[in-house]
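Read through the structure below, which is laid out as structure tokens, and then see the notes.
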Amino acid sequence: MRWLFSCTFVFLYSTRQQITHMELTDQQRERLKALEELVKLGINPFPPEEFEVNVTAKDILDNYERDKLSYKNISIAGRLMNRRIMGSASFAELQDGTGRIQIYLKRDEICPGEDKTLYNRVFKHLMDIGDFIGVKGYVFTTQTGETTVHVKSLSLLSKSLRPLPVVKTDSEGKTHDEFRDVELRYRQRYVDLAVNEGVRDVFMKRTRIINSIREFLNGKGYLEVETPVLQPLYGGARARPFKTHHNTLDMPLYLRIANELYLKRLIVGGFEGVYEFAKDFRNEGMDRFHNPEFTQMELYVAFKDYLWMMNLVEEMVEKVALDIHGTTQVKYGDNILDFCRPWKRYTMYEAIKKYAGLDIEGTDEDQLEKYCRQLSIKTDKSMGRGAMIDEIFSTTCEPNLVQPVFITDYPVEMSPLAKKHRSKPGLVERFEAICNAKEICNAFSELNDPIDQRQRFEEQLKLHDRGDEEAMVPDEDFIRALEYGMPPAAGLGAGIDRLVMIMTNSPSIQDVIFFPQMKPERK
RNA sequence: GACCUGGUAGCUCAGUCGGUAGAGCACAACCCUUUUAAGGUUGGGGUCCUGGGUUCAAAUCCCAGCCAGGUCACCA
């Protein structure tokens, strides 16, 4: 109780300090003055009472014309976004969670008696753009044909003390003074969401995409699970981790870079289909395709292989496109991407033959190094066959892969958790789905042979000792689990952020993550 | 990490050859009863990212730094 009291006291004290000592802009001072005057008039600028809402902006705009009788007695709340005051009558715009609707206020209707303060003083001078208000009244259509709420009573629900950018759209649909500065938009996403039309829609689509995938997987009978974010050993991907420390246990912990090894332990335990939408963390560079924390959906299904998983991925992503866009064709930048099944499938060797004109099947390291030189790809001694093939693929093929495509059968060195190919030595049973030149999924027939797995980990350890910080560290408990026996299984990792980028035509990963990572503001 | 570009009013942006800092929206005051990027009149508002330097004089030129975006590298 005492600490609560002192916290509250410190909070109030520091708030007052800030308000009195912080340098305020003229517009902030105006709003504080308005707030004081409201209090003097007996109006609480932050009232606690519920304001009962019985309709949304979208509901009115969608249905009023068809069903005018239902909109005689409405109550709606939202943010005041624009005002056009014409003496004793005014138009304004109210924005709620569903959209914007025009409201109409007449002095003598909201102030039927002698006292015109509510209109003349409160509405015209003490309320500002950004304030939350509640109105009651009825819906009508103006002379120019705009569906509008005729206000009979008006109340202030929450005062806004900072000026919101005013974004306007003209009759041709052109946006003026859009809140555009990306740094401000990402740092103050609340403002971005409040004033920029379309931003909210991107994030609503993000949730719908995740729901669509979840629905699909639940429909197949797979179980959504949760596995540790804090891991004593990081594994399941090639990446540098974030390291942290547990005080009581006095031991290092890592934020997960993947959850693969935990989900496979669950397959060992007898679950036959498990998935998780996982926040993963990778301590690497950032650009418009990489945020240090990102969302990956991983799925493991017993008794299946990577060929089966390819069909599932096609079905799943096609469903997402249909759920979000109603068609398999999705506009991204200058391209129309078509997710209609079946997608093209190339082995990695076929892709390199097609796009680089090189036949690398059966080539030795010297020959590959020569090819790399031809393509001006830098090589070093740590690079084996696999690494060079991977490099050749990413420089010559990937940029050309715009339409969704599966690339299959990767070199074994790059895939320490994938099962060796049933018929092609040196390769593993793995595929990536690539779209718009970026990987969106990665999957394999999971390696379930504990002896082979131990050897792969040992190979990785050698790479690690040579200075490869991304090489995987051996996980003895995982091997122990495999030794008890894991059924054959197909596994998948799907980059949710990148899928959302594509489905929402967003050029940067920061556009699909509410609060992308940023350096602190200097103050 | 390297290179390129940018940072000016609350927002969006101009700012010429180095010579007292500009516009639109927003804000304040006034007018206006169906407007809609409402309109009209008047007015206020600036650490020109920060710190140095050159100069009689710097938003502007030079150097260093901070933040952001882009390209590359690293990385899936």
Side-chain angles (χ1 to χ4, degrees), chain A residues 23-31 33-34 81-93 100-109 119 124-125 128-130 140-148 150 160-188 191-192 195-196 237-240 257-258 280 282-292 294 296 377-378 390-391 393-395 398 410 414-415 432 434 437-442 468-470 493 495 497-498 507-510 516 518-523:
Chain A
E23 290 201 14
L24 298 179
T25 65
D26 55 341
Q27 296 199 42
Q28 286 176 295
R29 274 192 293 268
E30 285 297 336
R31 286 176 182 229
K33 268 165 58 188
M81 296 305 282
N82 197 355
R83 273 187 308 178
R84 297 179 282 276
I85 296 171
M86 296 161 301
S88 57
S90 296
F91 287 93
E93 280 162 37
R100 255 188 219 200
I101 188 154
Q102 177 168 268
I103 63 174
Y104 176 67
L105 299 96
K106 235 168 156 173
R107 183 189 58 202
D108 296 335
E109 288 204 40
Y119 184 82
K124 279 168 74 173
H125 293 95
D128 291 291
I129 288 176
F140 75 112
T141 306
T142 62
Q143 284 178 4
T144 47
E146 181 156 351
T147 304
T148 300
H150 191 120
S160 159
L161 294 177
R162 278 178 192 267
L164 222 42
V166 177
V167 180
K168 296 187 178 182
T169 307
D170 66 22
S171 49
E172 287 155 17
K174 214 175 119 190
T175 302
H176 299 261
D177 297 327
E178 184 184 0
F179 182 52
R180 203 192 302 262
D181 183 320
V182 286
E183 183 174 354
L184 290 178
R185 286 183 49 221
Y186 299 152
R187 286 193 196 281
Q188 301 185 41
V191 177
D192 190 30
V195 305
N196 282 340
R238 292 174 52 85
R240 279 187 288 167
I257 57 172
D280 290 339
R282 297 188 183 174
N283 206 341
E284 292 159 357
M286 298 159 57
D287 57 37
R288 73 197 174 89
F289 294 100
H290 301 84
N291 194 62
F294 63 102
Q296 188 167 216
I377 293 167
K378 274 181 269 170
D390 197 57
E391 275 300 315
F393 174 77
S394 10
T395 44
E398 230 171 23
Y410 284 63
M414 308 303 294
S415 315
E432 288 190 359
I434 294 174
K438 286 283 163 194
E439 170 204 341
I440 54 171
C441 297
N442 179 19
D468 182 350
E469 285 189 78
E470 282 95 34
D497 309 280
R498 289 185 184 173
S508 166
I509 198 167
Q510 297 172 108
M518 290 262 182
K519 287 202 184 184
E521 285 179 82
R522 204 164 51 95
K523 206 40 205 190

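Quick note on labels: first sequence line is chain A, next is B, and so on, each numbered from 1.
In terms of polar N and O atoms assigned as donor or acceptor, the side chain of Asp177(A) comes within less than 3.5 Å of the base of rG24(B) in a complementary pairing. No donor-acceptor contact under 3.5 Å links the side chain of Glu30(A) to the base of rA28(B). No donor-acceptor contact under 3.5 Å links the side chain of His176(A) to the base of rC25(B).
Separating the P atom of rA59(B) from that of rG1(B) is a span of 32 Å, rounded to the nearest Å. To the nearest whole angstrom, the two C1' atoms, one in rA9(B) and one in rC27(B), are 11 Å apart. If you take atom C1' in rG46(B) and the same atom in rC32(B), they sit 33 Å apart, rounded to whole Å. A gap of 15 Å separates the C1' atoms of rG51(B) and rA58(B), to the nearest Å. Comparing the same atom, C1', in rG69(B) and in rU55(B) gives a spacing of 34 Å after rounding to whole Å. If you take atom C1' in rC11(B) and the same atom in rG7(B), they sit 15 Å apart, rounded to whole Å. Rounded to whole Å, the separation between the C1' atoms of rA23(B) and rG45(B) comes to 14 Å. Between rU60(B) and rA21(B), the distance separating the two P atoms is 13 Å to the nearest Å.
Thr169(A) comes within 4.0 angstrom of sugar-phosphate atoms only, judged by non-hydrogen atoms across all strands, and of no base. Looking at heavy-atom distances under 4.0 Å, Glu146(A) makes contact with a base. Here Tyr104(A) lies in heavy-atom contact (under 4.0 Å) with a base. Nucleic acid contact class of Lys519(A) (heavy atoms, under 4.0 Å, all strands): sugar-phosphate only. Nucleic acid contact class of Glu284(A) (heavy atoms, under 4.0 Å, all strands): sugar-phosphate only. No contact: Phe294(A) has no heavy atom under 4.0 Å from any strand. Counting non-hydrogen atoms under 4.0 angstrom, Glu432(A) reaches a base of the nucleic acid. Using a 4.0 Å heavy-atom criterion, one finds that Gln510(A) contacts the sugar-phosphate atoms exclusively. Across all strands shown, Asp390(A) has heavy atoms under 4.0 Å from base atoms, whether or not it also approaches the sugar-phosphate. Residue-level contact check: Arg282(A) touches the backbone only, with heavy atoms under 4.0 Å from sugar-phosphate atoms and none from bases. Looking at heavy-atom distances under 4.0 Å, His125(A) makes contact with sugar-phosphate atoms alone, never a base. When heavy atoms are screened at a 4.0 angstrom cut-off, Ala237(A) is found touching no nucleic acid atom at all.
Atom CG of Asp192(A) and atom CZ of Arg185(A) lie 4.0 Å apart (nearest 0.5 Å). We find the CG-CE distance between Asn291(A) and Met286(A) to be 5.5 Å, quoted to the nearest 0.5 Å. How far OG of Ser394(A) is from CD1 of Ile377(A): 7.5 Å, rounded to the nearest 0.5 Å. To the nearest 0.5 Å, atoms CG (Asp280(A)) and CZ (Phe294(A)) are separated by 4.5 Å.
With rU33(B), rG10(B), rA38(B) as the choices, the nucleotide that has an atom nearest any side-chain atom of Thr25(A) turns out to be rG10(B). Out of rU35(B), rU33(B), rG69(B), the shortest distance to the side chain of Lys106(A) is found at rU33(B). Nearest nucleotide to the side chain of Gln27(A), out of rU35(B), rA26(B), rA68(B): rA26(B). With distances taken from any side-chain atom of Ile85(A) to the nucleotides rC25(B), rU12(B), rC32(B), the minimum falls on rC32(B). Side chain of Met86(A), nearest nucleotide from rU12(B), rU35(B), rG44(B): rU35(B). With rG10(B), rU33(B), rA68(B) as the choices, the nucleotide that has an atom nearest any side-chain atom of Glu183(A) turns out to be rA68(B). Between rA68(B), rU33(B), rC25(B), one nucleotide has an atom nearer to the side chain of Ala89(A) than all others, and that is rU33(B). The Ser88(A) side chain lies nearest to rU33(B) when the options are rU12(B), rU33(B), rA68(B). Proximity note for Arg288(A) (side chain, C-beta onward) versus rC75(B), rC67(B), rG70(B): the nearest is rG70(B).
Residues Gln102(A) and Arg84(A) have side chains that bring a donor and an acceptor to within less than 3.5 angstrom of each other. Side chains of Arg31(A) and Ser160(A): a donor on one and an acceptor on the other come within 3.5 Å.
Between the P atom of rC75(B) and the CG atom of Asp280(A) lies a distance of 19 Å, rounded to the nearest Å. Taking atom CG of Asp128(A) as the reference point, atom C1' of rA28(B) lies 11 Å away to the nearest angstrom. The nearest whole Å value for the distance from the NZ atom in Lys33(A) to the C1' atom in rG44(B) is 11 Å. Rounding to whole angstrom units, CD1 of residue Ile129(A) and P of rA28(B) are separated by 9 Å. Distance CG (Leu184(A)) to C1' (rG6(B)): 13 Å, rounded to an integer number of Å. Protein atom CD of Gln188(A) is 10 Å distant from nucleotide atom C1' of rG10(B), rounded to whole Å. One interatomic measurement links the two molecules: CG of Leu164(A) to P of rU12(B), which rounds to 12 Å at whole-angstrom precision. Protein atom CD1 of Ile377(A) is 10 Å distant from nucleotide atom P of rA73(B), rounded to whole Å.
Between Arg29(A) and the phosphate of rC27(B), there is no side-chain N or O to OP1/OP2 separation shorter than 4.0 Å. Of the side-chain N and O atoms in Asn82(A), one or more sit less than 4.0 angstrom from OP1 or OP2 of rA38(B). Side-chain N/O atoms of Arg84(A) include none lying less than 4.0 angstrom from OP1 or OP2 on rU35(B). Distances shown here put a side-chain N or O of Lys168(A) below 4.0 Å from the OP1 or OP2 atom of rA26(B).
Side-chain contact between Asp170(A) and His176(A) is present, with at least one heavy-atom pair separated by less than 4.5 Å.
Between Arg240(A) and Pro507(A), it is Pro507(A) whose nearest contact on RNA chain B lies nearer the 5' terminus.
Here rC72(B) sits opposite rG1(B) as a Watson-Crick or G-U wobble pair (both hydrogen-bonding atom distances under 3.5 Å). Both distances falling under 3.5 Å, in either a Watson-Crick or a G-U wobble arrangement, occur for no nucleotide opposite rU55(B). Nucleotide rU20(B) forms a pair with no other nucleotide shown, judged by Watson-Crick or G-U wobble geometry with both contacts under 3.5 Å. Pair assignment for rG6(B): rC67(B), on the basis of Watson-Crick or G-U wobble contacts that are both within less than 3.5 Å.
A cation-pi geometry, defined here as NZ or CZ lying under 6.0 Å from the six-membered ring centre and within 45° of its normal, holds between Lys438(A) and Phe289(A).
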Checking Gln296(A) against Arg498(A) for the side-chain hydrogen bond (donor to acceptor under 3.5 Å, both in side chains) test, could you report, in this order, the C-alpha distance in whole Å, the side-chain angles of both residues, the deciding distance, and whether it holds?
CA-CA 10 Å; Gln296(A) 188 167 216; Arg498(A) 289 185 184 173; over 6 Å; no
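Using a 30° and 60° split on the angle between ring planes, Phe91(A) and Tyr104(A) fall in the tilted class, from 30° to 60°.
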